[in-house]
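Note that the structure is a prediction, hence the values are computed from the model and not measured. In each ligand, atom 1 is the first atom listed, and ligand 1 is the first ligand listed.
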Amino acid sequence: MQTVRHSEHTLKTALISKNPALVSQYEKLDAGEKRLMEEAFRPDSDLFGPITLHSQSDWITSHPEAPQDFEEFFNDPYRKTPSPQKHSIYIQCIGLLGNTRSISEEYVKWLKGYCEAFFYGLTVKLLEPVPVSATRCSFRINDNTQNLQIHAGVGIFSFARYGSDFYSSHYEGKLKKLQKKSSSDYSVFDNYYVPEVTSVLLLRSCKTLTHEIGHIFGLRHCQWLACLMQGSNHLEEADQRPLDLCPICLRKLQSAIGFHLKDRYKALVRWVDAESTDTPTVTPERSREDPLSLPKPVEAFKEWREWITKCLAVLQK
Ligand SMILES: [Zn+2]
Ligand SMILES: [Zn+2]
């Protein structure tokens, strides 16, 4: 196991930069926000720490790329910044998540609420789910695994592979026998296996969604500290990375969106606590199997909730 540890000076420059305009922009942050951001280079910080590499197949080892500090992010002419006219994130669900349409709708609402807290200040809109056939994307059956893969020119993230059994030979989404289908026959997706809705699936989905949307705002892979924006090559590595941003990436996102850190962290805590957000009240007559009474499975988020509470304490000291 190897650790990528940067010097205090390197992290400080990555966060604040040496550009006088950006330094004075930083100085204008409120005292609590600076105190939290400076945890980035406090050697004994228990909020932020170095990146740990677990194997040679980890992202940083296998995809060398130039690190992006705050100044580079700020000066990137291609990054997308929200404006009063353009401040919505659209989520298009392709196919269903969960075994029924109502579980799927519930699940996507949890993701929407999560994104709204994470990208605090922006509106997240759900588009009507569409079947795979409506995308007119090509697909293939993986020769080795027999799993279905969709090809597209835009960012599509599959949550199927975040089910606990996707990589196992028992994966139920494996097609029983090689099916010869024409490229316009989408019937293989009918009743296709969907992973069971668990807390870990929700956590992995939230991580993937916010990581990918982070890229849309121009955040590149983080090589500074353990962070949601670290690249990942495989599920173990994705599981290792934290749910939230290091201070350097946080300053980037804050500069793009313009939220107060305190408001954003509080919104995230509210999302974890509101276990039944958007869930209709369960009436006694309703059967236990009624999918509408599905509570949001937030057990996997509890540890992170503790972490946010510590961040809030630093902000409000
Ligand atoms: Zn990425
Ligand atoms: Zn980061």
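- A pairwise comparison of heavy atoms in Leu245 and Met229 identifies CD2-CG, 3.7 Å as the closest pair.
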Go through the steps for Asp76 and Arg220 under the test salt bridge (charged side-chain N to carboxylate O under 4.0 Å, His left out), then give the verdict. CA-CA 11 Å; Asp76 176 359; Arg220 294 215 305 264; 5.1 Å; no
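- Because its NZ or CZ atom is both nearer than 6.0 Å to the ring centre of Phe74 and within 45° of the ring axis, Arg79 counts as a cation-pi partner of that residue.
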Tell me, with the steps shown, if Lys302 and Glu306 meet salt bridge (charged side-chain N to carboxylate O under 4.0 Å, His left out). CA-CA 7 Å; Lys302 294 292 183 193; Glu306 295 303 301; over 6 Å; no
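- Minimum-distance N/O/S atom of His211 relative to the Zn ion (ligand 1): NE2.
- Among residues two or more places apart in sequence or in another chain, the salt bridge (charged side-chain N to carboxylate O under 4.0 Å, His left out) test is passed with Glu39 by Arg42.
- Around the Zn ion (ligand 2), the protein N, O or S atoms found under 2.8 Å comprise Cys222 SG, Cys227 SG, Cys246 SG, Cys249 SG.
- For Asp46 against Lys310, the heavy-atom pair with the smallest separation is OD2-NZ, 3.9 Å.
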